[in-house]
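Predicted model only: the values in this text are computed from it and were never measured.
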Amino acid sequence: MTSLDAHRVVDAVWKMESARIVAGLVRMIGDVGLAEELAQDAVLAALERWPEAGVPDNPGAWLMAVAKRRAVDHLRREERRDRGQEQLAHDLATRPDDGERDVDDVVNALDGEVGDDVLRLMFVSCHPVLSTEARVALTLRLIGGLRTDEIARAFLVSESAVAQRIVRAKRALADAHVPFEVPSGPERAARLSSVLEVIYLVFNEGYSATAGDDLMRPSLCLEALRLGCVLAELTPDEAEVHGLVALMELQQSRSAARTGPSGEPVVLHEQNRGRWDPLLIRRGFAALLRARQAGGPLGKYVLQAAIAACHARAASPEETDWPQIAALYEALVRVLPTPVVQLNRAVALAMAYGPRAGLTLVDTLNGEPALKGYHLLPAVRGDLLARLGRHDEARTEFERAASLTRNSAERAVLLRRATTCTRTAEEAQKAEEAGTAEEARRTKDGQEAREGRETQKAQTARDTREALNEAGAAGTASAAVTLGRAMTLFLTRPGLSADTVRSYKQTLTRLCRHLGEDVPLRDVTSHRVAEVFAAAWGTAAGATWNRHRGALRSFAAWAAGHGWAAADLAAPLDRRPEPRGRTRPIDRARLESLWERPDLPLRERALWLLLYESAAPAEWALSLNVEDLDLPGMRGEVKARGHWLRWQSGTAALLPLLVGDRRRGPLFLADRRPGPGRMPAAADLCPHTGRGRLSYERAEYLFKRATAELDSEGGGYTLHRLRHSRLAHLGEDGWSAPMLMSLSGHASARTLHGFVRVPRPADTVA
């Protein structure tokens with residue numbers, strides 16, 4: 001092994017084992033500074049011996065054994081008279097040690113477990129007697145195993161400054177005679193809060209760097225996550241610890257999508273959610289569940305993790321449950337009433353109830369001393385002002401935010417926003433002047449709209465004036481019509497159904513998020529639109545792609561008719577094929593084998609039999625409530641559809657067992673109670689058990705998993721296929737189309753042509 005190889009190995013071992021080694025030494029000698037010196041002596045010994053002798057089988061135990069011998073020598077030299085220490089020194093000196101035993105054997109023989117020592121060391125490193133900077137530096141040094149130069153590089157400070165912080169921290173601990181113990185009672189909660197604060201400070205500095213050219217410093221995020229996981233293992237019953245781990249996991253899951261190709265920041269609603277890490281999201285959800293299982297009141301980290309979970313569950317920005325997030329922030333304000341939390345709450349209110357609601361709260365924070373130099377306050381205010389069309393004021397706020405931030409990447413984004421506001425304000429001014437001149441000319445000439453194209457032009461002028469008047473300007477020039485304003489006018493046309501508006505809004509909102517609501521509609525090109533479609537729905541199914549393409553084509557044709565945009569905005573987007581083949585039924589014998597499985601849970605057996613026997617959509621069956629059942633009549637009412645589901649003897653025998661003593665609430669319940677960030681509506685919550693309604697996604701997953709062995713392709717069957725299998729089987733048994741319609745709830749016999757022959761008018765004999 002070369003000297004360079006030895007250095008790499010020792011560095012890796014030190015980062016993994018330093019906390020255990022230093023913690024064990026502190027318990028032996030009672031001095032943090034001396035313990036670290038002895039541990040460093042062991043590291044030097046490894047650098048001298050390992051290149052020649054090779055790395056031992058258990059390098060952590062080797063380092064611990066060497067450090068322990070150094071501690072024994074120190075105890076002998078000091079000739080301490082304390083009986084416990086003398087006995088400890090004698091015990092260690094006489095016990096045989098070949099350097100190969102596991103570190104647990106060494107430390108456990110002294111008093112307690114290594115994990116207890118690490119937890120004690122965490123509480124010592126984060127003692128309130130130290131300043132925040134000292135706590136962070138000492139924790140990264142002792143628990144994280146980072147070198148002084150690594151800590152300095154991470155926080156963009158000099159190495160000498162970090163070294164001085166660490167030295168002063170050790171001296172302060174020694175002068176205060178801080179005991180090496182895990183505090184108990186009320187002191188434990190306060191000290192644990194200090195530990196969590198330090199870990200989260202480290203994570204935040206890595207997640208959003210205070211200064212420098214880079215937005216993130218991934219090494220700090222990963223180190224904070226590691227420290228959080230270590231603490232969670234040592235304190236499994238602390239809900240706030242698991243809440244912090246969940247919060248960091250969920251936030252870290254977005255790291256790959258937070259920067260663009262050039263390192264520029266990408267705000268949350270514009271991020272490509274396909275780049276979010278699903279593994280970290282699952283781990284975050286699992287940690288949040290452990291926090292809920294630990295019980296106790298909801299703390300600040302659990303609530304923040306619940307907010308992050310709301311974002312993680314949303315497949316697209318439009319699906320984000322902003323009212324729920326606003327409610328969680330309201331609860332967080334009661335636990336953590338800080339101006340920063342209020343600012344975040346203002347953002348949630350703006351997203352849930354409009355920018356004016358958020359701006360009202362933001363304006364109350366302008367005088368807060370804690371936010372005097374906080375760049376995000378003017379940044380948020382500028383964004384809300386821009387959304388309200390007050391671009392001059394927004395520009396001033398963005399420029400102020402840029403002057404306050406010390407991060408180069410954030411400063412560049414804020415200055416770009418300020419420039420955009422300036423350009424938009426100038427265009428609005430020109431539009432107002434052009435509109436005034438046009439109105440004067442029309443008044444002088446006394447011209448009115450004529451037939452055909454003149455009539456259309458007059459309508460265009462009226463629509464444009466409405467848009468400009470709502471934005472605070474008057475005029476008819478097409479240059480002033482922005483993408484956001486055109487979208488609003490398009491969606492508020494009379495005659496559109498709620499479903500159509502909802503579908504169109506999903507498409508156009510995504511365009512506004514990517515291109516900007518304030519961009520003039522005339523500057524939107526088909527090439528830019530194609531880029532948005534490729535990023536948002538490039539991998540989507542044909543039906544999804546075609547739905548969004550159709551919405552864009554309708555909007556483009558409408559805008560072109562008003563003279564605001566080119567008619568070919570959707571030209572580069574080709575229609576994608578949609579598979580329309582008939583769903584193959586599941587073999588009856590395979591379904592019979594499924595019903596007879598002894599390991600099938602009651603809930604799943606009842607649901608699947610109900611779906612098969614009723615031939616109803618899964619959504620209808622899952623929406624059933626206990627109070628909607630007519631068990632003697634073997635039917636249940638789907639009130640939202642005005643339809644009765646009817647089942648047969650197989651389901652009739654299972655439902656009474658499933659219902660039990662319940663009198664109200666969902667018929668099919670989820671596996672466990674909902675977490676704090678996933679509280680369902682009251683109608684979807686069982687008053688007897690506290691569990692929520694079983695979701696379609698979960699029911700689909702369970703059915704696929706149970707039928708994977710029956711499926712020749714190995715993927716398992718879908719609930720949709722189960723329903724269609726029943727219709728196919730009944731068609732084979734001679735059921736007519738009206739009979740199938742009555743059972744399954746199909747609105748038209750034409751939709752049943754895949755199962756029975758539906759006669760056409762030409763086939764009917766009068």
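Between Y717 and L722, the closest side-chain pair of non-hydrogen atoms is not below 4.5 Å. At least one side-chain heavy atom of L600 sits under 4.5 Å from a side-chain heavy atom of W608. Taking 4.5 Å as the limit, every side-chain heavy atom of L247 sits out of range of all side-chain heavy atoms of F203. Side-chain contact between L328 and L332 is absent, with no heavy atoms from C-beta onward closer than 4.5 Å. Side-chain contact check for L624 versus L610: some heavy-atom pair is nearer than 4.5 Å. Proximity of T235 to L231: side-chain heavy atoms (C-beta onward) are separated by under 4.5 Å at one or more points. Put simply, the side chain of R663 does not reach to within 4.5 Å of the side chain of P687, judged on heavy atoms. Side-chain contact between V638 and S623 is present, with heavy atoms from C-beta onward closer than 4.5 Å.
Closest non-hydrogen pair, R662 versus P666, comes out as NH1-O, 2.6 Å. In this structure, R510 and A536 approach most closely via the heavy-atom pair NH1-CB, 2.8 Å. Residues L658 and R603 share a closest heavy-atom pair of CD1-CA, 3.9 Å. In plain terms, the two heavy atoms of Q271 and A257 that are nearest each other are CG-O, 3.3 Å. Residue R273 comes nearest to L268 through the heavy atom pair NH2-O, 4.2 Å, listed as atom of the first residue, atom of the second, then distance. Scanning both residues, A287 and V245, for their nearest heavy atoms gives CB-CG1, 4.2 Å.
With E249 contributing its side chain and I281 its backbone, the two residues share no donor-acceptor pair below 3.5 Å. Between the side chain of R513 and the backbone N or O of E318 there is no donor-acceptor pair closer than 3.5 Å. Remark: the backbone N or O of A256 is paired with a side-chain donor or acceptor of R275 at under 3.5 angstrom. Under a 3.5 Å cut-off, the side chain of R597 and the backbone N or O of A706 do form a donor-acceptor pair. Between the side chain of Q252 and the main chain of L222, no donor-acceptor pair closer than 3.5 Å is present. Side-chain N or O atoms of H514 include none that pairs as donor or acceptor with a backbone N or O of E270 at under 3.5 Å. In this structure, T707 contributes its side chain and L710 its backbone to no donor-acceptor pair below 3.5 Å.
Taking CG of L609 as the start and CD of E604 as the end, the distance is 12.0 Å to the nearest 0.5 Å. Once rounded to the nearest 0.5 Å, the distance linking CG of L336 with CD of Q342 reads 10.0 Å. Between atom CG of residue L694 and atom CG of residue L607 there is a gap of 6.5 Å, rounded to the nearest 0.5 Å. Taken from OG1 in T320 to CZ in R313, the straight-line distance is 10.5 Å, to the nearest 0.5 Å. Between the CG atom in L667 and the CG atom in N625 there is a gap of 8.0 Å [rounded to 0.5 Å]. Here CG of N272 is found 15.0 Å from CZ of R258. Values are rounded to the nearest 0.5 Å.
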*Quick one: do L611 and F703 satisfy side-chain contact (heavy atoms from CB on, under 4.5 Å)? Show the steps, please.*
CA-CA 12 Å; L611 290 177; F703 188 62; over 6 Å; no
*Could you walk me through whether D383 and V347 pass the side-chain contact (heavy atoms from CB on, under 4.5 Å) test, one step at a time?*
CA-CA 10 Å; D383 181 72; V347 175; over 6 Å; no
*Intermediate values then yes/no, side-chain contact (heavy atoms from CB on, under 4.5 Å), Q506 and R547*: CA-CA 10 Å; Q506 289 179 355; R547 176 169 60 84; 3.2 Å; yes
_Assess the residue pair L289 and R292 against the criterion (side-chain contact (heavy atoms from CB on, under 4.5 Å)); give the C-alpha distance rounded to whole Å, side-chain angles, the decisive distance to 0.1 Å, and a yes or no._
CA-CA 5 Å; L289 178 61; R292 184 182 64 82; 3.1 Å; yes
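With a 6.0 Å radius and a threshold of 12 heavy atoms from other residues, nucleotides or ligands, R664 has its CZ atom at or below the threshold. D661 CG: 12 or fewer foreign heavy atoms inside a 6.0 Å radius.
Applying the salt bridge (charged side-chain N to carboxylate O under 4.0 Å, His left out) test to every pair with at least one member in residues 691-709, sequence neighbours left out, gives these pairs: D671-R698, D684-R693.
Side-chain contact of R672 with Q293: a donor-acceptor pair under 3.5 Å is absent, judged by distance alone.
Here R135 pairs with C126, L130, T132, S194, E197, V198 under the side-chain contact (heavy atoms from CB on, under 4.5 Å) rule; sequence neighbours left out.
Classified by interplanar angle (parallel below 30°, tilted 30° to 60°, perpendicular above 60°), the ring pair Y612/W595 is tilted.
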Return a table of donor-acceptor pairs under 3.5 angstrom between the side chains of residues 297-310 and protein atoms on other chains or two or more places apart.
from: Q304; atom 1: NE2; to: K300; atom 2: O; distance (Å): 3.1

